[in-house]
Every structure is written in C-alpha cells, then in structure tokens.
Amino acid sequence: MGTDLLPGTLDMLILRSLTRGARHGSGIAQHLKKISEDVLDVGESSLYPALQRLLLSGWVTAEWGASENNRRARYYKLTAAGRKQLGVENREFDRMILAIQKVMSCA
Amino acid sequence: MRLIRRILYFFRQPRQDAELAEEMDFHRRMLERESGDRYTANRRMGASTLAREDARGVWLPLRFESVLQDLRVGVRMLRRSPGFSILAILCLTLGIGANAAVFSWIEGILFRPYPLVAHQERLLAITGTARGEAGHTDISWPDLLDLQKSCTLVDSFIVNKIMGTTLSLGDRAERTIGSVVSANYFDAIGVRPILGRGFGPGEDAGSNAHPVTVISYQLWQRRFKGDPAIVGKTQRLNGIEHTIVGVAPEGFLGTFVGWAMQFWVPASMEETFEGGAYKLEDRGARWIEAYVRLKPGVTLEQAQQEMSAVATRLETDFPATNRGRGVKLWPLWQTPFNNAGTLLPTLGIMLAVVVFVLLIACANVGNLLLVRSFARRHEMTVRVAVGANRSRLLQQLITEGLILSILAATGGLLVAHWCRHALVLLFPARAGVAMTLPGEIDWRVLALSAGVCLISTLLLGLVPAIQTSKIDLAGALKSEMAGVVGGGHGKSWLRSGLVVLQVSLSFLLLVGAGLLMQSLQRIRNLNPGFATQGVLFTAIDLRGAGYNPQRAKTFDDALLQRVQALPGVESAAFGRSTPLSYGSFSSSPIAVDGYQLPPDEQPTVQYNQVGPAYFSTMGIPLLSGREFTRADNETALPAAIVNDVMAAQYWRGDDPIGKRLQVKGQWRQVVGVAKVSKYQSVRENPKPFFYLPFRQDFSVGANLNIRTRMPAETIAAELAREVHALDANLAPYEVISLQEQMDRSTSPQRVAVTLLAVLGGLALLLATIGLYAVMSYTVSQSSRELGLRMALGAGASNLLRLVLAHGLTLTAAGLVLGATAALLSTRLLGNLLFKVSPRDPLAFGSALVVMTVAATAACFLPAWRATRTDPARILRD
C-alpha cells in the first residue's frame, strides 16, 4: 500500500508514529496499520526508502537495540529537527486537506 | 549536512547494506509470526530486493554499480575498435607524458633541486650586486659574516663554492669536483653524514687551519670500496693531506644544480682550492656563492629589505671595498650561479610547449571520439529511446574519456620516468664532472599530472557530449547522411575547429623551433675572436699535486719545450684561464695615465695572464705592438697588452702603446693592442680586457693551449706520455678543442633547440594525424554526395580538387591563426634568441612550408580515395 497516499504523507506518518518514542521498522508498520484500522498497510518497498530519506535528512536517527522478543532490531528515534519538520508537515497537510474539502464540498 | 551524511554512508556502505538486510529480514520474520505463514508475509512485504535497491538509492543517486557498468561498457567499446583506442591512447600518452616529464624536470631542477636537503621551500640564493653592472657578483667572506651577524630574519647562511681537484689514489689520478662550504653546512641543510661527522663550529676559520673533508657516498663506494673504517684516514687533496671525517648519505649530491659533488671541505681550506691569496679576511675578495634559509613565515621581500639595509651600512663602514656594492636574494629556481639559471628560460618555454602538445593531443583524440560518436549515434539513440536520460549518457561518455586518460596517464608517467635523466644527455659530457639533472616524480608532480589527466578527460568527454546533446530521435532514425565536403554544415564546425586549433598550435611550435635553430646557427657561425679550429687546450693540476711556484715554473718550461717538439704541433702557450670556461678571469682596479676618473667611478677590468706566443696560438689578432715573449719575465719591465675596446675607452683614440697602465697598484707599459674577442660568454657585448705576462703575475696551474692539426686524441696520448715523463704522479685533464669549448658554453641553446624540435615534430605529427582522420571521415561520410557528383559528370580531378580544397581551407585557417599567435608570442623566447628577430621571415616561411606539405600529404590520401568512389554502387544503395 502506501502508493495511494498523497505524496510526502508517508514521511509525515512515520515521523508522527515516532513522537511517543523509538520504534523499529516493523513496529512502525504495525503501528500505522493498527491506528488506521488496517487501512494503511505499508510494505517494505515504501517503508525502507522512506526511512533512509528521513535518516539522510537528519530527522530521525537509528540505533540497534533488543526487540520485545529479544532479537536485534534497528530502532528509529525522532530528532529535534524531525520534530520541527513534523510540525511543518502537519500544518501543510491540514492546509491541503482543508483545500481538498472545500473543493469537494463546493461541487 | 546531507552531503556529509552521504559521504559517511559511502565509506560504510558494506556495513550499511548488511544492516539494512538484517533489518528487513527482522521485519519479515515479525510478519511471519503475525500471519503464521511465509507466503502471506512475502506477499505483504513486496519485492524485497527492489526495495533494498530503492532504499540504497536514496543515499547514492549515482550508483557504484552504474559506474562499474559504464566502465565495463567503456572497456568493451575500446576493445571493439582497437585501432581507434591505440591511436587515442598513444596521442594522449605523448601529451600527458610530455607534461609529466617537464613537470618532473621543473620540480627536480628548479623547485626541489637538492635531494635530502631539508626545507628547500625556505632556501634562497644570495649574491652580491655592483652598482651600474647588470647581473650578480660573488660575495666576500667578511661581508657574509657581517650579514650573518645582523640579519634577524634568516635562520642560516650556507656557503657553497664549487672547486675542482685531482684525486690520486694509488697510481690512478682523476679529476673530481667538490665544494668549499661553511662549517654549518651539514647542520644547516639537515643532512647527517652516515659515517663520522659534518664540520664543527670554527672549522671555517683560519688559513688552511682545518684540513678535514666529508666525502660523498659515491666516492666512498667507488674509490674507497665502501671501507667501513674510512673515517680518520687521510686523503691528499690539492697537495694537502685531509682527514676524512665523514661520509655523506647516499643520494646527497651537494647543493649545485647540475653537478654532483664528490667531497666537501670547510671554508678555511679555501686558499688551497681557490688559489690566490688567503681571502677569509679580505673584504674585497668576492668568491662566495651562498644560500640563506629564511625563518618560517618570512618573505623574500622582508629579508631583502633587511639585507639591503645591512649592505648600505657596510658601504659607509668600508667605502674602499664596498662602495656601490649590494646584496640580492633569489628564489632557488632563479639561482644565477648554477644550471638552474641557465635552464630556467628553457624549462619555462617547455612548459608552455607541452601544454600546447597536450591541447593538440586532446583535440586529436576529441576529434576521433567525435567521429566515433557519429558512428555510435544509432547506439545512443537506442539508449535514449529505451529511457536513458541525458545525464546517464553523459556519465557513460565521461567514463570512456576517463578510461582513455587514465591509461594514457599511466603511460605518460612511465614516459616521464624514462625521461627523468634525459636532460643530462643533451649536455655535452665533460671529464671529471658527474652531471645530474634528475626529474623528480613526487606527489606534486603526480597531482599535477592527475590534474592534467582530469582536464583532458573533461575535454574528451565534452566533445561527444556536445554532439549527443543534439540527439534528436526522429532525425536520427531517418539516418540522414549529410554531405560534408561541399558547403558548410552546422555539425562539422566542431571538428573543423579542432583541426584548425591543431594546425595553428603546431605552426606556432614550428616557428619557435625554427627561430631557436637559427639562433643556434648564428651562435655557431659567430666569430668569437679566437680560432676555434685547430686549437686544443688542456690543463695539468699542479696545485693539486702540491707544486710551489718555483717548481711549477720549471715544470711549465720543460713541458712547453716537449709539447712544441711534438710532431704536428705548430705552437703552444700557457694562459691562466681559457675563454668561455666556468672559472672566471682575474679582475683588477685600474688607473690610466691621463685618464681623469669621473667621480664615483672605480674602473675594474678583467684580465688574463698569458705566456709567450699566446696570441698566435689562440689566433687572436694583434692590431699593433707586439706579443709577450720569453723576455717578459719577472725581471723585465712590467708589460701589458690591452684590447681595442679598452684602448678606445681609456686612451680615446690615441695609440696606447708605450703609455702606462696601473694594475693592482703597479704601473705597467702597454706593449700591444689585441682585437676584442669573447671572454666569458659568446653572447657578451665587446668589453674592455687586458693581458699580463704570465711570469709577471704567476699562479700555479694554468691551461695549456696547443695549435695543431692533429686530432685531440693523438695529442692527448702524447701529452700524457710527456707529462708522465716529467712527473709520474701527474696526468693532464681532458684535451678538448676550442670549438668543443664553444659548444659546451652554448649547451642551454642546444638543449632548448633539441627539446623544441622534438616537441614541434611531435606536434606536427599529431596535427597531421588529426587532419588525416578528419579528412578520411569526411570523405567516407560524403560518399553519396561524391557519387552523385560523379554521376552528374564530375571528373576525378574535380573531386580531388574539391576534397583537397576543403582540407587546405582548414589548414589555411589554422595557419592564419597560428601565424597571428606566433607574431604575438615569439618574443617570449627572449634570451634564447640570439641575433634573430622574433618575427624572422625565414622561420615563419619554413614553418609555413613544412606545415603546408604535411597538410597536403594528410589530405591527399583521402582525396585520392574520393576519386575512387564508384558512382554506380552509391546510386544503387
């Protein structure tokens, strides 16, 4: 899935899912799926490039740690810059949704 | 920030890849656990290899794999057309190799000339200056000590004056050269002897007070067979037993560009080697060549200012010796007293020339690539059609250029490596002097060559890139074959431009080579004022053998008698110095009866001490009076012979014969007037000069000049026998002709001519190849047009004329451009030109002829091929 999302929203969703603390890739996917009630099923092919993009931009950092079932997993953590970016994207998203709603309700 | 992260990622790529794989594997297992079976998990995950590629692609947009792929394709392309590849690589190898060789010479001769010497970047040469005289003078020891005391910006003063001696070990005598140096020499230049010690403080004071020597590694190995107990042994040098106190490390050759020193003695031994009087306390005796090492951060200008202030003070303190005298600092690469100075203009011009050669080579290869890019238009079109974007295409082309230039750079560095010692070969050999002009291939040279390689890559990659940027899919699929011969077509301007560039640069180099060749010719044909044919000279190192003046006089007389009696010898005469040698003539302040000195003028004139029959032996004409005879000895009236320039200057048209001349405080009578000749350089202007009878100003050790029709080898053998008969410990130096002496003194010109002729020839060859390649291509691409013309009735001669005209038009454009450039730039040859105008019509004319002939030859074959076009076949196709 994920390809049907508005462009750029996946990055925002990932950042949002990390606000409550670090998660590994699988955790992020699970979280998105659960919160969205199975609507957003993010696959590897969009999740990992997105995570690399966030790393490259410095919005998240990655660290290896032990997972809940005691295996090695890479945990992503929001940075200060990432938190700021989330705010920016959030506002931008709201503006966009509002605009879309206006267009849709006017017709 | 992003760039830094990218770079960090690049260096940790293998680990990053592994981590990504592990992370995704973990994800997959989590899914598996959740859904219970692998199939569903896989389905939900998607294609994981692709995902991994995408994830990595975020970091490295220009992927390593694609570079590898380009390399593979590039190598395949080169192997598919080996003729093209070999030609291209050869052209570039010559271009880059010529550059690297000249870089390495400049590095090894001008910038870091002294192997093992520390901090050469802070080393400067120091000389004296005399007001109203161009060039430089040597420095006196007391002046140097005063400078040393007063200059705060200088770390150390390093004295280094080269000397010759005869080294006799057992029954073998051989000529060798060494340096008289200050006691701080080895410490100051940071060279530690591998055995024993350098010189200690105070060893450069006193008259012949410290007979110690440090010998070179080479001498130690060659003459002392690497004796490990050499330190403490003694060796006779110039008649005095010297204790060997140290052995210099291997590879240390002293501090004189061009010549490898074999031994060093402290300045206190100056008298023994330099001859004449004890000079360490004589402020008027200028004999030192020296270097200074600046303190870190001090500039040449600051140091010069400080030194000039000290020199001004010395002028007021010691007016008798120092009036009008200054000091001058020189960057190492301008050092006036060794071969750096003589090679500087040549190497400077070579630098410009090799850049031209490289440009020509690049233009050539660029043209070849361009021609091939037409042939590859189909391939490129297909690649664009299946989705390659233009930057990807450009990457491919630049990679191909890079392969070519890396191969060529490797070859070029090999060429430079082989040419390291080539410069020495261009200099005439002289006995007893080990010439060394090594190229130095260090990181700076490598970096510069890499830069050259990079630039040529860009140039090479850009040419076809300009072409591909014009790829238009529809047009290319129609595979149009434009006629290129008749009428200008937009697409050929680049190719034509490159040919014009090559022709013009080659023409420029040919003009330069022609000018230098003429200069050399003029120098060789120049009348030096003495006979060059049929006069030989040599020397016997009596001072080295410990002769005192009395013994030397007896020996000289006896030898002269024996030599004059040899069959084939017309006459023989001693002279203290021989014209055009490295050693300088004596000079003395003079006074002339009836000549009023203008204020502030203290005329100093150079002179030579010569024996009876010197003028007839040397072939220097006497204009009036007589030459010295055996009667002009110690007891006779002091006599002198002046040259006509001196007569005109100081006697103002009167006949100087019988008039008085004061030399070194002694009045003498002028007995003859000799015609002016060349004394120190063939290029000097006529200058005042005089001669004294050898017996009246005697010094041990002189040159023997012999007028004979016999070859030098015959005389050398007979002379050796006669010398041996008189004293078994003596051997004469090499016997050479005055012509040989002339040739040696003009070797910088000959080096310049040889190098420029070689590179000019290379450029001509490259340009001819370039022209030929373009014409061939043009003809092959225009076969349809040519066939049509033929079918419509054009004869073979018409076609021949058509194609030749096209090629020669390009050549003419190149010639016009090259001639303009040459007219503007040949005066930069400056000092290397001798009595030749930088716009000499003969040089321009012959370059024009050579270039035109070469161009016609290059165009003729393709033109002839054009006439063989079969119109029937063309029309059928």
Study note, to complete from the structure: With chain B, the option among Ala50(A), Ser67(A), Ser57(A), Gly27(A) that has the most non-hydrogen atom pairs under 4.5 Å is Ser57(A)
Review point. Counting heavy-atom pairs under 4.5 Å to chain B, which of Gln30(A), Arg53(A), His24(A), Arg74(A) comes out on top?
Key: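 Highest number of pairs under 4.5 Å: Arg74(A).
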**Study point:** CH2 on Trp64(A) to CD on Glu19(B), rounded to 0.5 Å
**Key:**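 Taking CD in Glu19(B) and CH2 in Trp64(A), the distance rounds to 5.5 Å.
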Check your understanding: For the side-chain contact (heavy atoms from CB on, under 4.5 Å) test, which of Met24(B), His27(B), Arg28(B), Arg29(B) pairs with Ser26(A)?
Key -> His27(B)
Exercise for review: Decide if atom CZ of Arg444(B) counts as having more than 12 heavy atoms of other residues, nucleotides or ligands within a radius under 6.0 Å.
Suggested key: yes
Check your understanding: Relative to chain B, which segment of Leu47(A) carries a heavy atom at a distance below 4.5 Å: side chain, backbone, both, or neither?
Key ->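 Contact with chain B: side chain only.
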Point to revise | Residue part contacting chain B, namely of Ala29(A), when any heavy atom lies under 4.5 Å | key: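 The answer is the side chain of Ala29(A).
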Exercise for review: Decide yes or no on side chain to side chain contact (heavy atoms under 4.5 Å, CB included) for Arg71(A) and Phe26(B), but give the supporting numbers first.
Suggested key: CA-CA 8 Å; Arg71(A) 297 184 45 142; Phe26(B) 170 76; 4.1 Å; yes
